[in-house]
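A note on names: the letters A, B, ... follow the listed sequences, proteins ahead of strands, and every chain is numbered from 1.
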2 protein chains.
Amino acid sequence: MRKPALKHSTISDVAALAGVSKSTVSAVLNNKKIRESTRRAVLRVIEELNYRPSPSARRGFRPATGKSITFIVKEAPNPYYAEILLGIQEVAGDQGYLISVSSSEGSYEVERRIVEQCTEREVDGLIITPILSDDVDLSHLFELKRHGAPFVLLEEVRGIRAHLVDVDNVKASGEAVKFLIDQGHSLIVHFAGPKYSEHTQERADGVRRAFSESHLRFDEAMIVHAGASPEDGYRVGLEYFGARREDRPTAVTCYNDLVALGLLRALRELGIRVPEEVSVVGFDGLDLLDYFPLPLTTVRVPKYEMGKRAAEILIRQIESRTSAPAEPEKVALKAELVIRASTRRLTA
Amino acid sequence: MRKPALKHSTISDVAALAGVSKSTVSAVLNNKKIRESTRRAVLRVIEELNYRPSPSARRGFRPATGKSITFIVKEAPNPYYAEILLGIQEVAGDQGYLISVSSSEGSYEVERRIVEQCTEREVDGLIITPILSDDVDLSHLFELKRHGAPFVLLEEVRGIRAHLVDVDNVKASGEAVKFLIDQGHSLIVHFAGPKYSEHTQERADGVRRAFSESHLRFDEAMIVHAGASPEDGYRVGLEYFGARREDRPTAVTCYNDLVALGLLRALRELGIRVPEEVSVVGFDGLDLLDYFPLPLTTVRVPKYEMGKRAAEILIRQIESRTSAPAEPEKVALKAELVIRASTRRLTA
DNA sequence: ATGAAAGCGCTAACAC
DNA sequence: GTGTTAGCGCTTTCAT
């Protein structure tokens, strides 16, 4: 009958095995003055038992000294988040906060686990781009509120009253479509984002609204499900444009710049010229795309600014150590349509 | 004479103020059966004091239940790390680990603070792309070793015997240059990376070696300091190529694909054609660049594979709970030159 | 130089 | 239902 193999050994185990008291072991651990022979003996036992002192016990329950913030994103590879992060770093870094980024990869369950671990590890605050869940089960966010844990959202979550920093996506997306309509386009489709994102809904709604405010008729077929990555834009682009010739739309607005990037490649490979035959509009205004030879017309989201504002609100919340504010702050930043070379006026 | 304003209130404070015992407060905290009036009274005091139970005390010192790994990168916005992360997630996610990413942004000091916080917050293991420090002061990594904390490096650190997963950068960089020489180029420069990176040294050394093994003569002026970002490649590209006409190199190898991307933009704006007038070679083989219209010749690093291998080694280390291994594993993955459209044979 | 004992914030077992 | 007590792993007096 062997001992339960996995139990972590404690300072008492070490003391007992070394034939000294706990305080002596503690002294060794903290490099106090100890007779060399004793020290060596203790260290030998520590080695043997593979003993590691528990950090929280060492602190005697006092909270960790370092200040930390976690930024929960939805897709690790999207530079969109990297640009927001820069803004967060700018504000929080100066104030001594360390930022860590975790990705939910579109999974609600992963998001919940990340939040739980943040609580467990005493992270001081969270900036979250939340997954849109079908469940009414927002329990992890409610838990945060209940615990009075500071957090800021970067997308609205219905049913949660919390701090929010975002742009008006419906409006911005609508303006992009309105621009295309004004340029003479009438066959317009929208390559929509992933189902797990509230922004996907809002940007599609923007398209609907722009049509309803125009002389044109909206048809749900104009909303094409794509996704959030270049692969998605590419795949759907090939499918969609590979399958039609004359009834082809003359313009596409995309969920984001990455989808637009994928679509541009698909069109290139299909021999369809941009903007001559098809106009393409992105969303986000990624800095990285400034290096792309064809300047993309896009909706520029002030990502850096978003990060800064979110961090400011979060830190204020953390440091004022007051519980949930009566009225959560809702910051609506301005998104701006940037017209470049991937769109053209339809003269036909 | 007011109380020290910042002391965190404890369960005893709440109990005292509410006129009940600690256990009653604890019961309220854990939703045990409590008379409604008592519960409300306690909650009111909790609210008033803005009391939050200490997670570690709740666990009674037992280590956090969730398993976690931290990935320390050097530049948050570089998709290179995102691709490695995918590999890490693949392996570690399946095993129930949550990954968080922190960026040192090229600062040795920040790297050290991140490592310290990881220890404080009981992160189970680290995957690190280390900053190259002039100091001999690698104390934070030594601390990790001393504490027996599991970690894997993605770049060599001289003087530290630790697990390592990397490619042979000297060889790979040399092969790129040799390829250019074989294609008839003799005026070749290297846009080198940031000083804080060991890879920068190794890749520059590859250039030197390729020249020394050729019939051509190497000159230190062929190593041009650029950086790691598109902005760096762009800025240095404009400076370098803007300043010369006839004595212009016919080929450039870059520290990474992002620098190459910046250089390509600079050349485009200067009206210099690629590959007709200048051949450009990148490094890393970013997936994202598959969406770039001009396919870039580059050295493909198996980033996904790197992440997987690093995670495997790390997790083995974590779970075998044995202290520092006698012999650290050094995994050298294969990097491969991918020849595409940004380079051409010099026929002149 | 070393040991005994108290205490950090909380939960759990048992009384009342 | 609620209070008492002990104990989680460690550091810190204070003796010895």
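- Atom P of nucleotide C:dA12 and atom CG of B:L29 are separated by 11 Å, given to the nearest angstrom.
- For the segment residues 9-23 of chain A, the set of residues with a heavy atom within less than 4.0 Å of an atom of DNA chain D comprises A:T10, A:I11, A:K22, A:S23, in numerical order.
- The interatomic distance linking B:R58 (CZ) with C:dC8 (C1') rounds to 17 Å, in whole Å.
- Ionic pairing of A:E329 and A:R316 is present here: one or more N-O contacts between side-chain nitrogen and carboxylate oxygen are shorter than 4.0 angstrom.
- Under 4.0 Å is where a charged nitrogen must lie from a carboxylate oxygen, and between A:K74 and A:E111 no such pair does.
- Nucleic acid contact class of A:S56 (heavy atoms, under 4.0 Å, all strands): none.
- Between A:T24 and C:dA1 there is no side-chain polar atom (N or O) within less than 4.0 angstrom of OP1 or OP2.
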> Could you go step by step and tell me if B:S107 and B:E105 meet the side chain to side chain contact (heavy atoms under 4.5 Å, CB included) rule?
Replying inline: CA-CA 6 Å; B:S107 157; B:E105 296 301 318; 5.6 Å; no
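- Side-chain contact check for B:E120 and A:T65: at least one donor-acceptor pair (N or O, by modelled atom type) lies under 3.5 Å.
- As judged by a 4.0 angstrom heavy-atom cut-off over every strand, A:S54 is placed among residues touching the sugar-phosphate backbone only.
- With rounding to whole Å, A:R40 atom CZ is found 16 Å from C:dA1 atom C1'.
- Between A:L154 and A:I127, some side-chain heavy-atom pair lies under the 4.5 Å cut-off.
- Between B:D124 and B:G66, the shortest heavy-atom contact is OD2-O, 3.9 Å.
- Over its full length, the helix from C:dA1-D:dT16 to C:dC16-D:dG1 turns its helical axis through 40°, comparing axes from the five pairs at each end and rounding to 10°.
- Judged purely by distance below 3.5 Å, without hydrogens or angles, the side chains of B:E116 and B:H140 never pair a donor atom with an acceptor atom.
- When DNA chain D is scanned 5' to 3' for any atom under 4.0 Å from a heavy atom of chain A, the first and last hits are D:dG9 to D:dT12.
- Distance, B:N30 CG to C:dA12 P: 7 Å, rounded to whole Å.
- Under the 3.5 Å distance criterion, the side-chain polar atoms of B:K303 are left unmatched by any main-chain donor or acceptor of B:A82.
- Between A:E312 and A:K308 no salt bridge is recorded (no basic side-chain N to carboxylate O distance below 4.0 Å).
- Between the P atom of C:dA1 and the CG atom of A:N31 lies a distance of 14 Å, rounded to the nearest Å.
- Atom-to-atom, CZ of A:R62 to C1' of C:dC8 comes out at 6 Å; the value is rounded to the nearest Å.
- When every heavy atom of B:P130 is checked against every heavy atom of B:E155, the shortest pair comes out as CG-O, 3.4 Å.
- Within the model, atoms CD of A:E198 and CG of A:L153 stand 11.0 Å from one another, a figure rounded to the nearest 0.5 Å.
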